[in-house]
Amino acid sequence: MLVNTTLAKPSSGENGHVGLKTANGIMDKTSPKNGTANGVLNGVHHAASAGGDAMKNGVCANGHSPSLSAVTNKPHQESKDATEQAQGHGKFHETFEETPLHVAVITYFGFMVLIIVGYIKEHLWRLGILKSPGAKESPKLKNFVPLFSDFVNFFGRNIYMRGRDCGHVPIAGMPGANVDIMEYSTPDYNWTLNLTGRTKRSINLGSYNYLGFAENTGARSQMVERGTKEYGSGICSPRRELGNLAIHSELDRLVTRFTGKEDAVTFAMGFATNALNIPSLVGKGCLVVSDKLNHASIVLGTRLSGAVVRVFEHNDMESLETVIRKAIVDGQPRSHRPWKKILILVEGIYSMEGSMVRLPEVIALKKKYKCYLYLDEAHSIGAMGRTGRGIVEYFGVNPDDVDVMMGTFSKSFGACGGYLAGSKELIARVRTKSHSAAYGCPMAPPVVKQVIASMKTIMGEDGTTVGVNRISRLAWNTRYFRYRLRELGFIFYGNEDSPVVPLLIFIPSKVPAFSRECRKRGLGIVVCVFPATPLVESRARICLSAAHTKEMLDEALDIIDEVGDMLNCKISKLPKPPPREWDDQPPFEEEFS
């Protein structure tokens, strides 16, 4: 069964797709399930237009035409449904094909064989018939409880080890559009990985370098160099003590202007921005309503907070409303008192699915039930919207409708760290209560300079059009690459405007083979298997960049095409799009390194 949907996937598992079956066996799921639940849609259009019409005449805020999809089953004039209405006069187009039944059977059978063979090896190791090639706990700790569970050890030794060489791949030099990948050799089936001293120049489709700001030449690199000479390389103190440089305060003010909020505060690590700051916003007696596919940093932050957590199906507005309504009716556990506050936690772009949050509809529900909204824009800030302001700008919603904006500097800005933006009262509380603000060391001066330089370039405050050109080029690269993948017959997930492209490989034995064959041909790619993905949805995760030229993308697509044929990965049943002419990529005023 296939799904070609204008809605996001309701679950990360292999089931859960619903809709009306068409004559060609493809399900085109529209909005009756998610868009009109309990009359929410009446408030969605109002929420979407509160910050101005984002998609006038069918064009998104970043210049995309969301009503035109390479895989749509219906003519545009027939697709003016509730979903279109909910997205502010535009079509929210995301495509998810379900795992073919025969592929799911083969995948389950493959895992079963791996487990059986693994247990046989485990017994042979214990009996001394086979020598265990890996590390194990010291016999001196015989009377101690094991540090790790048997299954954790078992999975690592017998399943993860088979593709260990596909992860932790060392690189030499700058991770730009091209990267030098260091080559491994292994004498014992990945138990030992030895560097050969050779490198392979490869096209980089694995780094989150969306705007190409991971570079070592140009105006930004010169600012970083000057900042290092002026401020040094480290701080050696939290911001509350003697670690608050003038450039840290400058960056806070710059982020405030960039996001359109009243105030902002920055941190040295994006993961910690979620994990260590969510506990300063909610606690005991509060409710967190979290998307099923939220990042691990959000999951950790909610657990540390002590708040009650309820999970709703990924991007499913009916599920979200059901969870909120039930929580309000039931109240707190045991006491049934009203919740102190309810916080909805969502991401702008989901990094493993390539899907976008249905932000106008989430805002409508937030207003209807008087909840707070926390938006993680780690992968969307800088990369989405006409001027790089993220998913808020992409949908044209009012920034004031998002109570807490979170983002990172490790993707589009070519640096590291993160930020929270919100009202003055909220940011003041974070500065006071946050463990990250109180005990964590702030960003190093060179990193701060890189973020400031990149952000000013995106905003056009450097006196050039480099930023807007790179944003336009990333959008072009995204549409082109996804269109070509559809032509080649691959199954891939996500929104047509998302630069994160999960390419489905499914069968776990093919995943390391896909990675190795791509590397042999000069293509650096990231692959993910269970437990990072559902059992039957192993995939390669492709991240596009403005630094990629059309020639690079064509070469990468040729490699993917060849390896896909070799491993029989082209199993999409969706109709291929008609041939079309592609204009040249948007111009840029400086060469990428």
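Keep in mind it's a predicted model, so treat the numbers as computed, not measured. The figures here come from the full heavy-atom set of this structure, side chains too, leaving out hydrogens, waters and symmetry mates. Index from 1, following the sequence.
Residue I298 comes nearest to S290 through the heavy atom pair CG2-OG, 4.3 Å, listed as atom of the first residue, atom of the second, then distance. Minimum interatomic distance between D291 and F312 (heavy atoms only, all atoms of both residues): N-CE2, 3.3 Å. Here the closest non-hydrogen pair linking Y374 and N274 is OH-OD1, 2.5 Å.
The stretch residues 446-455 participates, sequence neighbours left out, in these side chain to side chain donor-acceptor pair (under 3.5 Å) pairs: Q450-S454.
In this structure T259 satisfies the side-chain contact (heavy atoms from CB on, under 4.5 Å) test together with V255, K261, M405, Y419, A421, sequence neighbours excluded. Residues forming a side-chain contact (heavy atoms from CB on, under 4.5 Å) with E250 (at least two apart in sequence, or on another chain): I247, R253, I452, K456. Looking at residues two or more places apart in sequence or on another chain, you find a side-chain contact (heavy atoms from CB on, under 4.5 Å) between K200 and E183, S202. A search for side chain to side chain donor-acceptor pair (under 3.5 Å) contacts involving S436 returns nothing, not counting sequence neighbours. Here S305 pairs with nothing under the side chain to side chain donor-acceptor pair (under 3.5 Å) rule; sequence neighbours left out.
A side-chain donor from one of N277 and S434 sits under 3.5 Å from a side-chain acceptor of the other. A side-chain N or O of S207 and one of N204 form a donor-acceptor pair less than 3.5 Å apart. Side-chain atoms of S355 and H314 include a donor-acceptor pair closer than 3.5 Å. If you check the side chains of R389 and T387, you find a donor sitting under 3.5 Å from an acceptor.
If you run salt bridge (charged side-chain N to carboxylate O under 4.0 Å, His left out) between D263 and each of R257, R431, R429, only R431 comes through.
A salt bridge does not link R482 to E496: none of the charged nitrogens lies less than 4.0 Å from a carboxylate oxygen. A salt bridge is absent between R386 and E393: the closest approach of a Lys/Arg side-chain nitrogen to an acidic carboxylate oxygen does not fall below 4.0 angstrom. Using a cutoff of 4.0 Å between basic side-chain nitrogens and carboxylate oxygens, D330 and R310 are not scored as salt-bridged.
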